[in-house]
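A short worksheet on the structure shown next.
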Amino acid sequence: MKPFDYQRPDTLSGAHGAARDGATFIAGGTNLIDLMKLEVMAPDTLIDISRLGLDRIVPHGDGLHVGATVTNSDLAADMRIRRDYPVLARALLAGASGQLRNKATTGGNLLQRTRCPYFYDTATPCNKRSPGSGCAALGGEMRNHAVLGTSEHCVALHPSDMAVAMRALDVTVEVEGADGTRSETALDDFYRLPGDRPDQETTLDAGDLITGVILPAPFGGRQTYRKVRDRASYAFALVSVAATVRMENDRISNVALAFGGIGTRPWRDPDVEDLLTGETPTTALFEKAGDILMKDAVLREGLEFKDTLVRRLLTATLTEMTQ
Amino acid sequence: MTFDLKIDEPHPEHRADGLAQGVLEQDNDRPDGWLKVAGTATYAAEEQADDMLHGFLVRAPKIGAVSCPNVDDVRAMEGVRSVLRDPRMIRNAAQGTANEAPAQGVDRAAYVGQPVALVVAESFEQARHAAQALVVSVEEEDKPVQPDAVEPEKPEDKSTELGDLDRAMSEAAFTVDAVYTTPSMVSAAMEPHAATAHWDGETLTLRGSLQMLKFNRNELADSVGLDPKHVRVLAPYVGGGFGSKLGISADCVAAALAAMELKQPVRVVQHRRNVFEVNTRRSETRQHIRLAADTEGRLTGLGHEALVSNLPEEEFSEPVIQGSHFAYAASNRTLGMKVARIHRSAAGSVRAPGESVGVTAFEVAMDELAQAAGVDPVNLRLRNIPEKDPESGKPFSSHRLEAALRQGADAFGWSHRHAAPRQQREGEWWIGTGMAAAFRVNMVIEAEARISLTRDGATVMSDMTDIGTGSYAIFGQIAAELLGLPLDRIDAQLGDTRFPPGSGSGGSFGAASTGTAVWLAGMEIRKQIADRLGCSEAELTLKDGKATYANKRASLRDLLSDEPITGHGHVEPGEAAEKVRQATFGAHFAEVAVSDVTGEVCVRRMLGSFAAGRILNPRTATSQCHGGMTWGIGMALTEELTHDRRDGHAVNRDLAGYHLPVNADVPPLEVHFVEELDDWAGPMQAKGIGELGICGAGASILNAVYNACGARVRDMPATPDRVLAALPS
Ligand SMILES: Cc1cc2nc3c(=O)[nH]c(=O)nc-3n(C[C@H](O)[C@H](O)[C@H](O)COP(=O)(O)OP(=O)(O)OC[C@H]3O[C@@H](n4cnc5c(N)ncnc54)[C@H](O)[C@@H]3O)c2cc1C
Ligand code: SF4
């Protein structure tokens with residue numbers, strides 16, 4: 001681990017003041033510290049954001065504002081979340097382990113880095129870690145990699161469960177720039193595709209601090225999060241789905257579907273939802289939704305199974321939710 | 001005085017049953033348990049010294065000739081005291097019982113991950129940062145890393161050819177002919193390998209995390225070039241080993257060399273990612289199994305041929321077929337091993353080498369036969385129990401498989417099972433049950449122990465280790481039983497080469513081998529007490545600190561002078577191994593649910609029924625079986641060390657990527673012991689239990705998966721994608 005300075009400001013302006021080149025915010029540290037130990041990330045200053053008062057969940061219009069340092073455990077346990085956004089509570093509880101969720105934060109979870117094993121291995125080339133060096137995963141062992149949104153430069157998955165649920169919920173990310181200006185970005189626009197710059201993962205600028213996430217008014221309807229993984233806990237998703245569905249007169253009146261384990265970012269495809277909206281639920285319809293979802297998938301060696309798995313999961317989940 | 005015993009003959013006199021204290025076979029606490037729970041038992045990396053230096057191992061990123069062009073820059077980094085590139089550093093951990101240095105050297109990396117330097121600094125963080133800064137350039141050599149990329153060696157001494165299997169196959173009423181694979185696996189003990197070395201100019205004292213100290217001392221001495229007399233190794237507490245700490249490890253040798261060079265204590269802790277590649281892995285296996293059976297399911301022929309791998313110069317090869325030599329009767333037999341020399345990290349003993357993967361695959365094949373022949377799987381095993389060793393013709397020392405099968409089946413409720421697959425469903429989940437037999441060779445190895453009895457109590461001493469298995473507890477019980485003392489008056493001191501050489505922990509032989517040495521030492525003391533009382537040892541009763549013979553009664557305090565009485569026990573394997581075939585047996589039963597949507601498998605309950613001789617402490621024995629059965633879940637469903645296809649490196653080398661079963665994967669585990677006293681196992685009639693629990697456990701799960709949903713998975717682990725692919729449409 002490279003030696004670094006550590007600062008723990010008490011105010012947002014203090015945090016912005018400390019943010020300069022080479023500085024990195026640290027929240028729960030559950031991802032950052034691991035990466036620093038391996039020197040995949042080597043900031044020279046850490047700005048601890050745990051004392052900025054960003055740890056509250058408060059009403060915001062008809063929805064909620066979730067502070068950036070609210071822990072995954074607290075968010076999952078919050079009565080309003082459990083009642084009005086159960087898909088989110090479930091996704092959170094499907095992630096990591098109890099100990100990690102106690103430390104992991106809302107902002108940190110959105111910004112966690114991929115689990116591509118080559119990204120963590122400084123002995124191998126990786127365009128995300130050192131742009132232009134190549135991609136060791138291509139031609140190597142791919143199982144926890146993406147099939148949608150990939151490029152010839154990077155096939156890394158976004159590993160978050162929470163962010164998948166949030167994508168289905170249409171959340172907005174609230175950001176404060178280094179100069180103190182506040183902006184809001186829909187989560188749909190927050191993550192970039194890897195293209196030829198897989199190191200640039202979001203639309204954040206240097207020094208931008210996530211202050212919170214805004215949940216819109218409760219969607220109602222049925223909600224679920226289902227994660228398929230290699231062991232029952234403490235494993236990333238092979239494939240996951242976050243679904244919210246409302247029915248009217250036995251037809252699907254409103255549906256949102258987001259997927260984990262398949263995309264380079266939490267994946268949502270408006271064409272899938274358009275197909276389903278207004279329709280009577282049938283297995284054939286759901287299978288067609290699977291076709292649309294996977295139409296651009298690139299099934300590299302080792303990842304073929306994701307095609308079958310995600311289609312089955314989609315059909316089963318929609319069948320259950322529209323019954 | 002020494003009581004020497006060579007196990008040449010059976011021990012039909014069951015002395016343990018006639019002793020008076022009544023602590024043997026009892027469910028007693030482990031004396032080290034509280035220390036471990038409270039965090040006061042110190043592990044190798046917790047050793048303190050004011051002037052401690054810290055070493056960090058540097059790994060080779062490629063296979064080939066290694067050089068480090070910026071060594072001088074790194075030496076100049078803050079806090080750095082040395083960059084060691086010593087030819088005595090070891091390539092990988094020694095194999096169990098090697099007793100000499102393993103392959104050494106830092107100039108040529110035989111596998112990716114090989115330690116090629118040690119950076120020593122004043123703090124751990126400085127050492128680690130400097131280690132990262134050290135440039136390791138490799139002139140790459142093109143070496144095979146895939147087992148099927150080379151022509152394998154065929155060790156002749158590891159094959160059996162009896163009768164004509166091909167003919168038996170063609171004439172059989174029912175056959176199975178299939179290939180099963182298991183991936184590389186690792187021990188993944190909780191405590192990473194770590195060592196603290198002290199050098200006083202003459203003696204090297206090493207606190208390590210090791211399983212077999214008498215061998216480890218010699219391996220270390222040979223590696224660094226010292227006389228073993230000048231080497232002391234300690235490992236009083238070890239946080240799990242599972243085979244990976246049998247031989248001296250890279251951290252120990254590097255720490256010793258650094259301490260000798262810098263004349264300061266040096267600590268080297270293997271980073272978790274080193275642990276996965278510097279220590280021995282279990283080889284991947286490819287197993288071709290053939291079964292030929294008559295109309296009743298009686299085996300007329302069996303074949304078990306396995307391909308495993310290892311690095312050049314490593315003698316060990318995963319003994320996949322070890323259990324198949326004696327598990328089932330069949331007159332036509334083809335058993336053989338092939339070893340591919342490839343450049344993945346070294347393979348060695350991991351959790352029941354041989355049977356854990358060999359019996360597991362074989363027991364899946366037996367399930368396939370049961371299905372084909374329409375015979376109940378339990379009955380199929382019962383029908384094929386051999387009367388004597390099917391290859392050598394030797395009698396079995398004791399054979400309780402039938403009892404294990406019947407008692408296990410009863411306790412599990414096997415009779416309620418649906419014979420055909422896909423009969424029971426709960427929502428999207430298919431429910432099914434499966435079983436497998438368990439086999440494991442039993443071994444005794446040479447061991448010594450000493451007991452010193454004073455007026456206050458007794459001290460048991462051996463360099464034997466307790467790697468979390470319960471050695472402290474059991475040796476205390478044996479000594480207390482023989483000497484007639486309450487447990488709290490026994491102090492067991494283990495894990496120090498200054499004590500008599502025990503067996504070490506490995507191959508499930510620890511409790512029975514070193515335990516027998518403790519028993520003999522206790523017997524020796526009993527004789528001396530009997531002399532003082534004027535009776536024979538057998539006439540003596542010792543209980544609660546009092547000695548009784550006929551109408552004479554004396555307290556031990558009065559019988560003893562200020563001089564302690566010492567007894568030394570020494571056991572060696574003898575002709576027993578020539579005269580009889582000795583093994584432990586068991587049966588596994590599992591119930592699973594399999595998702596028809598995702599292929600996920602959830603184990604709902606498991607039951608194991610085991611025969612392993614006298615059970616010295618049911619609690620520690622049960623814990624061993626729980627561990628084994630949990631490993632069975634890992635083997636069947638989750639564990640796989642993935643090697644990069646291009647350079648063979650271990651890709652998922654941490655506990656997040658290498659999927660050991662977690663609590664949520666492990667259902668209630670029920671363990672039953674079958675009554676057994678194996679007279680050939682020595683004066684305690686006790687056999688090894690540590691590894692039996694894993695052998696075949698995974699097969700019961702895979703067989704249950706088949707019974708649930710009809711998916712026959714032959715490539716382990718049965719991850720959701722593999723189950724889905726095998727699911728009948
Ligand atoms: C073994 C393991 C298993 C896991 N399993 C899962 C899983 O199954 N599912 C899952 O979803 N996750 C899983 N995780 C990931 C875990 O959820 C993340 O590590 C965690 O959410 C990160 O949050 P943090 O607060 O600890 O972030 P940190 O580690 O503190 O930060 C992560 C990154 O975000 C930046 N950052 C943090 N907060 C802000 C902010 N407010 N503004 C700007 N930048 C910020 C940091 O600079 C850093 O780059 C697992 C992690 C581990 C170690
Ligand atoms: S997939 Fe992306 S993260 Fe993984 S090695 Fe390639 S570039 Fe790096």
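Reminder, nothing fancy here: chain letters follow the sequence lines and each chain counts from 1. No experiment lies behind these values; they were computed from the predicted model shown.
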Pair A:Arg312-B:Glu428, salt bridge (charged side-chain N to carboxylate O under 4.0 Å, His left out): steps then yes or no: CA-CA 12 Å; A:Arg312 293 176 81 104; B:Glu428 72 175 54; over 6 Å; no

Does the salt bridge (charged side-chain N to carboxylate O under 4.0 Å, His left out) test come out yes or no for A:Arg115 and B:Asp654, once each step is laid out? CA-CA 12 Å; A:Arg115 306 307 292 198; B:Asp654 60 33; 5.6 Å; no

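Of the two parts of B:Arg646, only the side chain, counted from C-beta on, holds a non-hydrogen atom closer than 4.5 Å to a non-hydrogen atom of chain A. At a 4.5 Å heavy-atom cutoff, the contact between A:Glu39 and chain B is made by side-chain atoms alone. For A:Lys37, the parts lying under 4.5 angstrom from a heavy atom of chain B are both the backbone and the side chain. When heavy atoms are compared at a cutoff of 4.5 Å, B:Arg59 approaches chain A solely by way of its side chain, counted from C-beta outward. In this structure, the portions of B:Asp644 lying under 4.5 Å from any heavy atom of chain A include both its backbone and its side chain. Proximity to chain A is limited to the side chain of B:His649, based on heavy atoms less than 4.5 angstrom apart.
In this structure, the separation between NE2 on B:His659 and CZ on A:Phe236 is 8.5 Å, given to the nearest 0.5 Å.
Between chain A and the options B:Arg653, B:Gln132, B:Glu125, B:Glu78, the largest number of non-hydrogen pairs under 4.5 Å is found for B:Gln132. Among A:Thr124, A:Leu313, A:Asp121, the residue with the largest count of heavy-atom pairs under 4.5 Å with chain B is A:Asp121. Highest contact tally toward chain A, considering only B:Arg722, B:His643, B:Gln126, B:Lys62, is held by B:His643 [criterion: heavy-atom pairs under 4.5 Å].
With contacts defined as side-chain heavy-atom distances shorter than 4.5 Å, the pair A:Leu238/B:Glu600 does not qualify. Side-chain atoms of B:Thr598 and A:Arg226, non-hydrogen and from C-beta on, do get closer than 4.5 Å to each other.
With hydrogens and angles ignored, the 3.5 Å screen pairs no side-chain donor or acceptor of A:Arg231 with any backbone N or O of B:Asp665.
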